[in-house]
Amino acid sequence: GAVVSQHPSWVICKSGTSVKIECRSLDFQATTMFWYRQFPKQSLMLMATSNEGSKATYEQGVEKDKFLINHASLTLSTLTVTSAHPEDSSFYICSGRNSPSEETQYFGPGTRLLVL
Amino acid sequence: GQSLEQPSEVTAVEGAIVQINCTYQTSGFYGLSWYQQHDGGAPTFLSYNALDGLEETGRFSSFLSRSDSYGYLLLQELQMKDSASYFCAVRDRGGGADGLTFGKGTHLIIQP
(Lines give C-alpha, C1' and ligand atoms only; values in the text may rest on other atoms or scores of the structure.)
Protein backbone atom coordinates (compact mmCIF):
# COMPACT_ATOMS: atom_id res chain seq x y z
CA GLY A 1 0.00 0.00 0.00
CA ALA A 2 0.90 3.64 -0.31
CA VAL A 3 3.10 5.10 2.39
CA VAL A 4 2.86 8.49 4.04
CA SER A 5 5.45 9.77 6.48
CA GLN A 6 5.30 12.60 8.98
CA HIS A 7 8.06 14.49 10.69
CA PRO A 8 8.55 14.99 13.52
CA SER A 9 6.72 12.15 15.24
CA TRP A 10 6.48 14.17 18.41
CA VAL A 11 7.37 17.68 19.48
CA ILE A 12 7.35 19.65 22.70
CA CYS A 13 7.44 23.42 22.48
CA LYS A 14 6.92 26.49 24.59
CA SER A 15 3.75 28.51 24.39
CA GLY A 16 4.00 31.24 21.76
CA THR A 17 6.40 29.44 19.47
CA SER A 18 5.64 28.04 16.02
CA VAL A 19 5.90 24.41 15.01
CA LYS A 20 6.14 22.99 11.50
CA ILE A 21 4.99 19.46 10.69
CA GLU A 22 5.89 17.81 7.40
CA CYS A 23 3.81 15.23 5.58
CA ARG A 24 5.31 13.30 2.69
CA SER A 25 3.85 10.72 0.32
CA LEU A 26 6.75 8.36 -0.26
CA ASP A 27 5.64 6.17 -3.15
CA PHE A 28 2.77 8.01 -4.79
CA GLN A 29 1.82 11.48 -5.86
CA ALA A 30 -0.77 12.97 -3.56
CA THR A 31 -2.87 15.40 -5.54
CA THR A 32 -4.79 16.08 -2.37
CA MET A 33 -3.59 16.02 1.20
CA PHE A 34 -5.64 16.37 4.33
CA TRP A 35 -4.83 17.45 7.84
CA TYR A 36 -6.70 16.03 10.81
CA ARG A 37 -6.49 16.61 14.54
CA GLN A 38 -7.32 14.05 17.18
CA PHE A 39 -7.67 14.74 20.88
CA PRO A 40 -7.30 11.85 23.36
CA LYS A 41 -10.11 9.32 23.22
CA GLN A 42 -11.83 11.30 20.47
CA SER A 43 -12.33 10.95 16.75
CA LEU A 44 -10.31 12.50 13.98
CA MET A 45 -11.49 15.94 13.00
CA LEU A 46 -10.74 17.30 9.56
CA MET A 47 -8.89 20.60 9.73
CA ALA A 48 -8.25 21.35 6.07
CA THR A 49 -8.10 20.01 2.54
CA SER A 50 -5.08 20.90 0.49
CA ASN A 51 -4.67 20.52 -3.26
CA GLU A 52 -1.21 20.84 -4.75
CA GLY A 53 -0.53 24.37 -5.87
CA SER A 54 -3.74 25.77 -4.41
CA LYS A 55 -4.75 27.41 -1.19
CA ALA A 56 -6.04 25.06 1.45
CA THR A 57 -9.74 24.85 2.26
CA TYR A 58 -10.27 25.04 6.00
CA GLU A 59 -13.10 23.53 7.97
CA GLN A 60 -15.37 25.77 9.95
CA GLY A 61 -13.79 26.79 13.22
CA VAL A 62 -10.20 26.20 12.09
CA GLU A 63 -8.20 29.44 11.96
CA LYS A 64 -6.32 29.63 8.70
CA ASP A 65 -3.92 32.25 10.05
CA LYS A 66 -3.02 30.00 12.95
CA PHE A 67 -2.70 26.74 11.06
CA LEU A 68 -0.72 27.53 7.93
CA ILE A 69 -0.79 24.85 5.26
CA ASN A 70 1.51 24.67 2.28
CA HIS A 71 1.23 22.02 -0.42
CA ALA A 72 3.99 23.03 -2.78
CA SER A 73 4.56 19.67 -4.43
CA LEU A 74 2.73 16.43 -5.10
CA THR A 75 4.67 14.69 -2.34
CA LEU A 76 4.95 17.29 0.40
CA SER A 77 2.54 19.25 2.54
CA THR A 78 3.42 21.20 5.67
CA LEU A 79 1.31 22.36 8.58
CA THR A 80 2.67 25.20 10.69
CA VAL A 81 1.04 25.84 14.03
CA THR A 82 1.78 29.49 14.70
CA SER A 83 1.97 30.94 18.20
CA ALA A 84 1.09 27.60 19.71
CA HIS A 85 -0.81 27.46 22.99
CA PRO A 86 -1.44 24.56 25.37
CA GLU A 87 -4.91 24.02 23.90
CA ASP A 88 -3.24 23.23 20.56
CA SER A 89 -1.66 20.15 22.12
CA SER A 90 -3.03 17.25 20.12
CA PHE A 91 -2.26 14.44 17.70
CA TYR A 92 -1.98 15.83 14.18
CA ILE A 93 -2.40 13.36 11.33
CA CYS A 94 -2.07 13.95 7.62
CA SER A 95 -3.33 11.81 4.80
CA GLY A 96 -2.87 11.70 1.06
CA ARG A 97 -4.98 10.65 -1.87
CA ASN A 98 -3.62 10.18 -5.35
CA SER A 99 -6.73 11.05 -7.31
CA PRO A 100 -10.13 12.63 -6.64
CA SER A 101 -11.86 9.50 -7.86
CA GLU A 102 -10.14 7.29 -5.31
CA GLU A 103 -11.83 6.82 -1.98
CA THR A 104 -8.89 5.50 -0.03
CA GLN A 105 -6.85 7.94 2.02
CA TYR A 106 -3.42 6.89 3.21
CA PHE A 107 -2.61 8.22 6.62
CA GLY A 108 0.70 9.24 8.08
CA PRO A 109 1.80 7.99 11.51
CA GLY A 110 0.85 11.26 13.16
CA THR A 111 2.68 13.94 15.12
CA ARG A 112 2.11 14.43 18.81
CA LEU A 113 2.36 18.06 19.79
CA LEU A 114 2.68 19.15 23.40
CA VAL A 115 2.69 22.86 24.09
CA LEU A 116 3.91 23.83 27.53
CA GLY B 1 -23.50 18.81 7.72
CA GLN B 2 -22.64 15.22 8.40
CA SER B 3 -23.03 13.09 11.50
CA LEU B 4 -22.30 9.45 12.15
CA GLU B 5 -23.31 7.36 15.12
CA GLN B 6 -21.60 4.21 16.26
CA PRO B 7 -21.31 2.42 19.60
CA SER B 8 -18.49 3.66 21.79
CA GLU B 9 -17.34 0.24 22.88
CA VAL B 10 -17.89 -3.41 21.98
CA THR B 11 -16.48 -6.46 23.75
CA ALA B 12 -16.06 -9.86 22.12
CA VAL B 13 -14.22 -13.13 22.61
CA GLU B 14 -11.26 -14.32 20.59
CA GLY B 15 -12.40 -16.47 17.67
CA ALA B 16 -15.91 -15.04 17.68
CA ILE B 17 -17.71 -12.71 15.27
CA VAL B 18 -18.54 -9.10 16.03
CA GLN B 19 -20.59 -6.50 14.21
CA ILE B 20 -20.04 -2.76 14.56
CA ASN B 21 -22.95 -0.64 13.40
CA CYS B 22 -22.93 2.85 11.96
CA THR B 23 -25.83 5.13 11.12
CA TYR B 24 -25.29 8.37 9.31
CA GLN B 25 -26.94 11.63 8.35
CA THR B 26 -25.40 13.49 5.45
CA SER B 27 -26.36 16.28 3.11
CA GLY B 28 -25.00 14.27 0.20
CA PHE B 29 -23.92 10.64 0.28
CA TYR B 30 -21.37 8.89 -1.90
CA GLY B 31 -20.27 5.96 0.21
CA LEU B 32 -19.26 4.69 3.63
CA SER B 33 -15.70 3.86 4.60
CA TRP B 34 -14.27 1.99 7.55
CA TYR B 35 -10.90 2.60 9.17
CA GLN B 36 -9.00 0.81 11.93
CA GLN B 37 -6.79 2.63 14.40
CA HIS B 38 -4.62 1.03 17.04
CA ASP B 39 -3.73 3.08 20.11
CA GLY B 40 -1.22 5.75 19.18
CA GLY B 41 -1.21 4.74 15.55
CA ALA B 42 -2.47 6.00 12.24
CA PRO B 43 -5.83 5.01 10.80
CA THR B 44 -5.69 2.32 8.15
CA PHE B 45 -8.29 1.81 5.46
CA LEU B 46 -10.41 -1.32 5.75
CA SER B 47 -13.27 -1.06 3.29
CA TYR B 48 -15.58 1.15 1.29
CA ASN B 49 -19.20 0.65 0.23
CA ALA B 50 -20.81 2.87 -2.37
CA LEU B 51 -23.65 0.52 -3.23
CA ASP B 52 -26.03 -1.52 -1.12
CA GLY B 53 -24.84 -4.93 -0.10
CA LEU B 54 -21.96 -6.77 1.43
CA GLU B 55 -18.30 -6.33 0.56
CA GLU B 56 -15.97 -9.04 1.81
CA THR B 57 -12.23 -8.74 2.31
CA GLY B 58 -10.78 -11.68 4.16
CA ARG B 59 -11.99 -11.78 7.75
CA PHE B 60 -13.58 -8.35 7.42
CA SER B 61 -16.84 -7.57 5.67
CA SER B 62 -18.76 -4.34 5.36
CA PHE B 63 -22.42 -3.83 4.60
CA LEU B 64 -24.39 -0.82 3.43
CA SER B 65 -28.08 0.01 3.17
CA ARG B 66 -28.48 3.42 1.60
CA SER B 67 -32.24 3.48 2.16
CA ASP B 68 -31.70 2.98 5.89
CA SER B 69 -28.61 5.23 6.10
CA TYR B 70 -26.96 2.33 7.85
CA GLY B 71 -23.90 0.22 7.54
CA TYR B 72 -21.89 -2.22 9.56
CA LEU B 73 -18.45 -3.74 9.78
CA LEU B 74 -18.29 -7.46 10.46
CA LEU B 75 -15.15 -9.01 11.88
CA GLN B 76 -14.88 -12.78 11.87
CA GLU B 77 -12.48 -15.17 13.60
CA LEU B 78 -11.44 -12.43 15.96
CA GLN B 79 -7.80 -12.24 16.92
CA MET B 80 -6.24 -10.33 19.79
CA LYS B 81 -4.55 -8.04 17.28
CA ASP B 82 -7.99 -6.86 16.18
CA SER B 83 -8.29 -4.92 19.45
CA ALA B 84 -8.43 -1.36 18.17
CA SER B 85 -10.79 1.50 17.46
CA TYR B 86 -12.93 1.29 14.35
CA PHE B 87 -14.31 4.36 12.63
CA CYS B 88 -16.95 4.71 9.99
CA ALA B 89 -16.54 7.72 7.77
CA VAL B 90 -18.17 9.58 4.90
CA ARG B 91 -16.56 11.85 2.39
CA ASP B 92 -17.41 15.50 2.63
CA ARG B 93 -17.64 17.01 -0.81
CA GLY B 94 -18.30 20.58 -1.68
CA GLY B 95 -16.78 24.01 -1.51
CA GLY B 96 -13.26 22.68 -1.93
CA ALA B 97 -13.45 20.53 1.16
CA ASP B 98 -13.09 16.89 0.38
CA GLY B 99 -11.91 15.15 3.50
CA LEU B 100 -13.54 12.52 5.65
CA THR B 101 -16.02 13.04 8.44
CA PHE B 102 -15.48 10.31 10.98
CA GLY B 103 -17.79 8.78 13.52
CA LYS B 104 -16.63 8.91 17.12
CA GLY B 105 -15.18 5.44 16.86
CA THR B 106 -15.92 2.08 18.42
CA HIS B 107 -13.35 0.67 20.80
CA LEU B 108 -13.25 -3.08 20.26
CA ILE B 109 -12.07 -5.07 23.26
CA ILE B 110 -11.23 -8.71 22.64
CA GLN B 111 -11.04 -11.12 25.52
CA PRO B 112 -9.20 -14.44 25.40
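Everything numeric in this text was worked out from a predicted model, so none of it was measured. Lettering of chains follows the sequences in order, A, B, ..., and the numbering in each one begins at 1.
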When rounded to the nearest 0.5 angstrom, what distance separates OG1 in B:Thr101 from CD in A:Glu59?
-> 7.0 Å
Tightest non-hydrogen contact, residues B:Ala42 and A:Pro109, listed as CB-CA, 3.8 Å
Taking everything shown except B:Glu5 itself, do over 12 heavy atoms lie less than 6.0 Å from its CD?
-> no
For each of A:Arg112, A:Met47, A:Gln38, tally heavy-atom pairs with chain B at distances under 4.5 Å, and name the one with the top tally.
-> A:Gln38
Between A:Phe107 and the options B:Tyr35, B:Phe87, B:Phe45, the ring pair (Phe, Tyr, Trp, His ring centres under 6.0 Å) test singles out B:Tyr35
State plainly whether one hydrophobic cluster holds both B:Trp34 and B:Leu75, where clusters connect Ile, Leu, Val, Met, Phe, Trp and Tyr through side-chain heavy atoms under 4.5 angstrom apart.
-> yes
Check whether A:Thr104 gets within reach of chain B through its side chain, its backbone, both or neither, counting any heavy atom under 4.5 Å.
-> both
Given a strict heavy-atom distance threshold of 4.5 Å, which part of B:Phe102 is in contact with chain A: side chain, backbone, both, or neither?
-> both
Could you state whether B:Val18 and B:Leu64 fall into the same hydrophobic cluster, counting links through intermediate Ile, Leu, Val, Met, Phe, Trp or Tyr residues with side-chain heavy atoms under 4.5 angstrom apart?
-> yes
Greater than 12 external heavy atoms within 6.0 Å of B:His38's NE2 = yes
In one Ile/Leu/Val/Met/Phe/Trp/Tyr side-chain cluster, 4.5 Å: B:Leu46, B:Tyr72 = no
A:Tyr36 side-chain N/O to B:Gly99 backbone N/O, donor-acceptor pair under 3.5 Å = no
Name the option with the most non-hydrogen atom pairs under 4.5 Å to chain A; the candidates are B:Gly40, B:Ser8, B:Ser33.
-> B:Gly40
Please check if A:Met45 and A:Phe39 belong to a single hydrophobic cluster, counting links between Ile, Leu, Val, Met, Phe, Trp and Tyr side chain heavy atoms closer than 4.5 Å.
-> no
Check the hydrophobic clustering (I, L, V, M, F, W, Y; side-chain heavy atoms under 4.5 Å; chains of links allowed) and say if A:Trp10 and A:Val81 are grouped together.
-> no
Greater than 12 external heavy atoms within 6.0 Å of B:Glu77's CD = no
Out of curiosity, B:Ser85 OG to A:Gln42 CD, how far, rounded to the nearest 0.5 Å?
-> 12.0 Å
Residue B:Gln19 excluded, over 12 heavy atoms near CD under 6.0 Å = yes
Please list, in residue-number order, every residue in residues 103-112 of chain B that has a heavy atom less than 4.5 Å from any heavy atom of chain A; write 'none' if there are none.
-> B:Gly103, B:Lys104
B:Asp68 atom CG, neighbour heavy-atom count above 12 within 6.0 Å = yes
Minimal non-hydrogen separation, A:Leu46 against B:Leu100, with atom names = CB-O, 3.9 Å
What residues of residues 87-95 of chain A sit under 4.5 Å from chain B when only non-hydrogen atoms are counted?
-> A:Phe91, A:Ile93
